[in-house]
Amino acid sequence: MKTIRTFFLPALLASVFLMGCDADSMNSEEEVDLTLRMQGMFGSQQLISGQTYDHNGANITVTTARVYLSDFVLTTADGQEVTVSTDPVTVPAKDANDNDVTHSVTDKIVLTKHDMGMEYYHFGTVPEGDYTSMSFRVGIVGQDNRIDASQVPASHPLAKQTDKNNHWNWANGYIYLRLDGEVDTDGDGSVDEVWETHIGKENFSRVVSIDTDFTLDHEMGNLLHLMVDYKHFIHMVDLADPTERLSHTGDNLPVANKVAGMMDGAFMIHGVHMDEGSHTH
Amino acid sequence: MRVGILIAAAALSLGLAGCGIAGHETRDPAILDVPVGFEPIPVPAHNPLTPAKVELGERLFFDLDLSEDRSLSCASCHFENAAFADPRRLSPGVHGRLGIRNSPSLVNVAYLNLLFWDGGALTLEAQALGPLEADFEMNMNLGDLITRVESDPSYVSQFEEALGEGPSIRTLTQALASFQRTIRSGGSRYDRYVSGAVDALTDSERRGLELFRGKANCASCHNGFLFTNQAFENNGIEPAGSDSGRARITLDPADFLEFRVPSLRNVEKTAPYMHDGRFDSLEDVIDHYDQGGTGVRNQSALITPLRLTDQEKRDLIAFLNSLTDETILTGLTP
């Protein structure tokens with residue numbers, strides 16, 4: 001730890017002149033190759049596609065559980081903000097005045113697919129050391145949300161997903177949170193109606209900040225374990241109520257507001273572990 | 001760079017015919033030809049217009065395999081003899097499912113800045129995925145769509161030839177957009193009239209033109225070479241169902257019941273009218289505007305009672321019929 005602190009003192013002084021640093025731009029031996037593990041939960045249970053859960057007294061299943069996260073920032077113990085970026089991808093877009101432009105997406109973006117069991121996301125290198133918080137945005141905003149998703153290379157998380165789409169064709173923009181499933185509406189124990197909660201549009205994006213001390217160290221741990229509780233998102237939504245069962249944001253603003261209001265509490269840092277490296281995303 | 005070349009080529013093509021450019025990006029100048037008075041075709045730099053892509057896009061456009069049950073193609077709701085619109089109020093999708101809006105004409109669609117009645121699609125490439133995926137239209141899962149196209153070796157080779165790579169969401173939408181950019185029309189009697197052939201319009205049609213620009217106030221929104229200002233307006237028709245128009249996209253109450261101002265080119269052939277096809281005839285449309293709309297919430301201030309005489313209504317419709325380009329209705333294929 002002494003070595004790390006010795007390194008960080010001059011780094012801290014240098015950072016006085018910098019607004020922040022890009023994780024990928026760091027070039028030091030004191031770096032760690034960070035992987036984010038995103039574990040999908042439904043309350044206290046592991047989220048498993050098709051499994052039946054209790055939700056406010058009704059049996060429901062979850063068949064799609066996906067969320068877009070962007071604008072990741074890790075804050076070091078000495079207050080330095082570490083941002084995460086990736087290789088840029090340049091695509092056609094419209095600006096705020098609907099003029100044709102090209103736009104380069106550089107931000108590290110994560111699309112969880114917990115209905116498919118995806119959990120691991122490689123973040124590149126960040127400085128080793130003690131951290132006090134992590135923040136990110138639920139959703140895709142600004143120019144990143146005004147790109148032509150049909151032209152994004154298939155390997156990029158903002159590409160049109162060919163299994164289940166997380167982008168609205170009819171209302172250009174990303175679906176920040178997509179939850180689908182079925183709900184038991186008559187209380188007979190069997191699910192009988194489809195429910196869909198699709199939240200997008202910038203009004204419903206939220207920045208989540210988790211204040212938790214953790215240490216990233218190439219010997220002690222480089223796997224940051226983040227849990228996302230999908231039940232929390234819909235805690236205020238009565239899926240058995242036909243007026244709340246379907247929401248695609250613009251067609252059901254009350255539900256969209258309820259879900260957006262719960263985004264902040266749906267995430268928790270479980271801890272830091274050693275990444276065994278048996279997964280790649 | 002490519003855009004610059006294309007724009008220059010388009011400009012040249014107005015006066016020259018038969019000049020080709022060699023190489024992979026070979027273009028048939030004809031696909032860039034525009035009618036007199038039209039602006040050059042906007043072609044995005046990432047998707048230059050080539051004959052091979054247009055040909056592939058045309059094949060895809062008419063292919064029934066692009067729908068879930070192989071019963072519908074794009075052309076099933078965009079009829080060539082209806083100026084690429086649909087004469088039905090609502091177009092039946094797979095399994096007979098109906099949407100809530102009338103299929104708009106695709107003529108001159110290359111010039112539209114935003115697509116769909118509410119502007120929900122940013123580009124022609126992105127727009128293609130709307131009907132392909134919508135469960136009340138073609139209802140295709142995108143993965144299944146690509147798998148289906150890849151299963152046809154002739155498609156794979158055509159994609160390779162046209163785009164240098166195989167079928168994907170990106171290449172498929174580029175091909176479809178390329179074909180649609182060639183659906184252009186500007187050969188109506190009105191066009192001949194404004195080019196100097198004063199006898200191209202009858203007396204009644206000329207009176208209709210004056211009304212269109214004057215008393216009837218149509219040209220406040222239906223202007224320019226496309227006969228649309230590309231704005232979104234609430235034209236004073238009562239809402240049907242839950243369709244809130246442009247507000248569905250922007251979530252802005254000020255956009256409630258606003259829909260795209262459509263082009264009036266070939267309007268004679270694109271009945272029924274309005275975003276939901278509620279009016280069967282141009283007479284119905286003129287009557288609606290003549291009475292000043294219905295006074296629905298957020299109605300455009302431009303919609304006011306016109307007090308047109310019966311003769312004026314006939315003249316106005318006569319003029320609108322002069323916007324028909326007969327050549328677009330048959331054998332458009334470039």
Side-chain angles (χ1 to χ4, degrees), chain A residues 64 89-103 116 143 145-156 158-175 180 194 196 199-205 243 246 248-254 256-257 260, chain B residues 3 42-47 99-101 112-134 136-137 140-147 165 168-174 176-177 230-232 241-253 255:
Chain A
T64 309
V89 57
T90 302
V91 288
K94 297 277 190 186
D95 66 16
N97 297 315
D98 295 325
N99 297 309
D100 290 310
V101 296
T102 55
H103 174 64
M116 296 177 65
Q143 195 65 67
N145 199 34
R146 294 184 61 80
I147 62 174
D148 180 350
S150 73
Q151 302 304 299
V152 179
S155 59
H156 195 279
L158 291 182
K160 284 281 185 182
Q161 303 301 305
T162 53
D163 48 1
K164 297 174 181 176
N165 212 344
N166 256 75
H167 183 269
W168 280 308
N169 293 319
W170 52 270
N172 188 75
Y174 289 90
I175 302 171
D180 303 326
V194 168
E196 296 176 353
I199 307 301
K201 301 291 183 185
E202 300 203 7
N203 289 351
F204 300 99
S205 174
T243 67
L246 299 174
H248 309 91
T249 305
D251 63 4
N252 201 332
L253 293 175
N257 276 307
Chain B
V3 167
V43 179
H46 73 282
N47 188 21
I100 57 174
R101 294 177 183 167
L112 298 186
N113 190 32
L114 298 173
L115 286 304
F116 296 144
W117 278 105
D118 54 20
L122 297 184
T123 69
L124 204 46
E125 284 79 4
Q127 177 277 334
L129 297 177
L132 283 167
E133 272 201 297
F136 55 87
E137 297 186 62
M140 278 299 287
N141 171 279
L142 296 182
D144 294 342
L145 172 65
I146 298 306
T147 299
E165 57 186 284
S168 66
I169 297 302
R170 193 172 62 82
T171 54
L172 183 140
T173 55
Q174 287 185 359
L176 279 168
Q230 301 213 38
F232 298 90
S242 59
D243 193 348
S244 60
R246 181 72 176 152
R248 188 174 76 142
I249 307 303
T250 64
L251 306 187
D252 184 347
D255 296 334

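All chains are named by letter (A, B, ...) in the order of the sequence lines, taking the proteins before the strands, and each is independently numbered beginning at 1.
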(message) Could you check whether A:N169 and B:E133, counting side-chain N and O atoms only, form a donor-acceptor pair closer than 3.5 Å?
(response) yes
(request) Flag the one option from B:S244, B:G130, B:A126 with the top tally of heavy-atom pairs under 4.5 Å to chain A. (result) B:A126
(request) Select one option (side chain, backbone, both, neither) describing which atoms of A:D98 are under 4.5 Å from chain B's heavy atoms. (result) both
(request) Go through the side-chain N and O atoms of A:K201 and A:T249 and say whether any donor and acceptor fall under 3.5 Å apart. (result) no
(request) Let me know if A:I147 has heavy atoms under 4.5 Å from chain B in its side chain, its backbone, both or neither. (result) backbone
(request) Check each atom of B:I169 against the heavy atoms of chain A and say whether the ones under 4.5 Å are side chain, backbone, both or neither. (result) both
(message) Counting C-beta onward and ignoring hydrogens, is there a side-chain heavy-atom pair between B:L124 and B:N47 closer than 4.5 Å?
(response) no
(request) State, yes or no, whether a side-chain contact exists between A:Q161 and A:H167 at a heavy-atom distance under 4.5 Å. (result) no
